[in-house]
Engineer: 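Below is one structure. I have some questions about it.
The chains referred to below are lettered A, B, ... by the order of the sequence lines, with proteins before strands, and numbering in each begins at 1.
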Number of protein chains: 2
Amino acid sequence: MLTQTRPDPSPSAHDRVYRGLRTRIMHGDMAPGQSLTLRGVGREFGVSMTPARESLRRLVAEGALTMSASGRVSTPELSNERIEELAALRALIEVELASRALPRAHMALIERLQTINAGLAEAIARQDPVAYIRANLEFHRTLYLRAQAPAMLAMAETVWLQLGPTMRMLYGRLRRKEVPQFHRMMISALKAGDEPGLRLAVRSDVTQGLKMLQG
Amino acid sequence: MLTQTRPDPSPSAHDRVYRGLRTRIMHGDMAPGQSLTLRGVGREFGVSMTPARESLRRLVAEGALTMSASGRVSTPELSNERIEELAALRALIEVELASRALPRAHMALIERLQTINAGLAEAIARQDPVAYIRANLEFHRTLYLRAQAPAMLAMAETVWLQLGPTMRMLYGRLRRKEVPQFHRMMISALKAGDEPGLRLAVRSDVTQGLKMLQG
DNA sequence: ATGGTCTTCTTGTGATCACAAATTCGGGCG
DNA sequence: CGCCCGAATTTGTGATCACAAGAAGACCAT
């Protein structure tokens, strides 16, 4: 087949394909409604249909992609109700994660969050939505990792994944000029050890994107 | 994860296998640590390795099964921390679902919940853990369906699935003699339209199993 | 042009196979 | 009796194929 140099023999084929597609979806570089075929994905990653099928089905199982009755796979076009629901889920889970991370958040972590925020500002300046989304997710994940709650973090990531394709559209409308105010509010609350303030900041940050959807 | 439950237009092989294994896991008739093989599952359901593999991988993606580094699949043996985390997730999500269902809960729904509760009592009398778990899940799902929040419900079901194999062990220790008090409390709160009471009742019901784990 | 029908191409499904890695089992040694 | 090493077996992975169903396009009639 396609003779492609394989520098990494360790990760299985389906893992490479899965991870490639997953980050692509989560970072929002696929438009909603875009369709994917087994042979197309296989050709792109230099594998046969088998690993391609497994990757796609897995992403469908995680809600990152949708499958029509005939088995065709495409990125989802979410209804406003679905988006609202997913945002509510983000609020629920991420507020809890932040709350659990708070007592473990030391200065090194806060500094790292500020560094990520700087990268975020750069992405905003460049008007680069993919970099923006990636930095935004990294900001949240970095904080939540401190919560030591892997099942909750996995849940949150699943929600991010489902919102991925729409996220770009959402942030595309947002002509942002500076780092989100709620990120700064989160950092202040972390420094002060202010749990109610942190919870409010996270909830506000998570649901802010939704508000402009309705506007 | 998002089990887009359509009636049944496509009894595809992998769907039959998936559903069979899924209900078996969620209802707790598989012990933790039990291993599953592709050829074994295939033989049991009369299909080849391909649909068996897809089903197992899907269940692994949903957290219902775990996969070792060598690709062996088995039911998970959850640590106490993991169980506690999953219970916290149940509390978070299900309290929200109940809260959203409350304004839509009419008398017909409450009567149905009471009917399910009667079946639950019967399962308790028979000392039948699988029937107990099934009725318990049905009680919760029936209420949450009224919330009109499919993404949240899917999330809750995913958590149930992950807890499935341990659930039996948990409820096995519980020498229960009567219908859970918190189910009755939930019904009272529903009748009274008492949202704080409902939230408390759901949270208590969800986390009660955990408490005896530590005892 | 427009609508419908037929053909053609595309696509997903499930079975089978070769292969490699891991597990298991047996025998022999300390 | 316990431990370790090697062979036999089990098991997952990925490729390929035949097949059916669906989508797309061509073609003709109106």
Engineer: Under 3.5 Å, is there an N or O donor on one side and an acceptor on the other linking the side chain of A/Arg72 and the base of D/dG22?
Structural biologist: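 No such pair is found, so the answer is no.
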
Engineer: When the distance from CG of A/Leu38 to C1' of D/dA20 is rounded to whole Å, what number comes out?
Structural biologist: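 Nearest whole value for this atom pair: 15 Å.
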
Engineer: Measuring from the side chain of A/His14 (C-beta onward, heavy atoms only), which nucleotide among D/dG14, D/dT11, C/dA15 has the closest atom?
Structural biologist: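 Within the option list, the nearest is D/dG14.
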
Engineer: Nearest 0.5 Å, please: how far is NE2 in B/His183 from OG in B/Ser204?
Structural biologist: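 So the OG of B/Ser204 and the NE2 of B/His183 are separated by 11.5 Å.
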
Engineer: Establish, from distance only, whether the side-chain atoms of A/His14 and A/Arg53 form a donor-acceptor pair under 3.5 Å.
Structural biologist: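 No, no side-chain donor-acceptor pair sits under 3.5 Å.
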
Engineer: Base, sugar-phosphate, or nothing: which does A/Leu56 touch, judged by heavy atoms less than 4.0 Å apart?
Structural biologist: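 If one applies the 4.0 Å heavy-atom cut-off, A/Leu56 turns out to touch nothing in the nucleic acid.
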
Engineer: Which nucleotide wins on minimum distance to the side chain of A/Pro51, given the candidates C/dG12, C/dG14, D/dG14?
Structural biologist: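 Output: D/dG14.
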
Engineer: Is there a side-chain contact between B/Arg53 and the phosphate of D/dG14, meaning an N or O under 4.0 Å from OP1 or OP2?
Structural biologist: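 For D/dG14, OP1/OP2 do not have a side-chain N/O of B/Arg53 under 4.0 Å.
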
Engineer: To the nearest angstrom, how far is A/Met67 atom CE from D/dA21 atom C1'?
Structural biologist: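 The answer, rounded to whole Å, is 15 Å.
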
Engineer: Examine D/dA15: is either OP1 or OP2 under 4.0 Å from a nitrogen or oxygen in the side chain of A/Ser48? Give yes or no.
Structural biologist: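 Checking A/Ser48 against D/dA15: at least one side-chain N or O falls below 4.0 Å of OP1 or OP2.
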
Engineer: Students often get this wrong, so: under 4.0 angstrom with heavy atoms, is B/Thr50 touching a base, only sugar-phosphate, or nothing?
Structural biologist: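 The residue B/Thr50 makes base contact.
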
Engineer: Using OP1 and OP2 only, check whether a side-chain N or O of A/Ser70 sits under 4.0 Å from C/dT11.
Structural biologist: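 For C/dT11, neither OP1 nor OP2 has a side-chain N or O of A/Ser70 closer than 4.0 Å.
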
Engineer: Between atom CE in B/Met49 and atom C1' in D/dA15, what is the gap in whole Å?
Structural biologist: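 It is 12 Å, rounded to the nearest whole Å.
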
Engineer: Roughly how many Å is it from CD in A/Glu54 to P in D/dT16, rounded to a whole number?
Structural biologist: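 Between P of D/dT16 and CD of A/Glu54: 16 Å.
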
Engineer: What's the separation between atom OG1 in B/Thr23 and atom OH in B/Tyr18, rounded to the nearest 0.5 Å?
Structural biologist: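 The OG1 atom of B/Thr23 sits 10.0 Å away from the OH atom of B/Tyr18.
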
Engineer: What distance do B/Thr166 atom OG1 and B/Leu163 atom CG have between them, rounded to the nearest 0.5 Å?
Structural biologist: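 One finds 5.0 Å between OG1 of B/Thr166 and CG of B/Leu163.
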
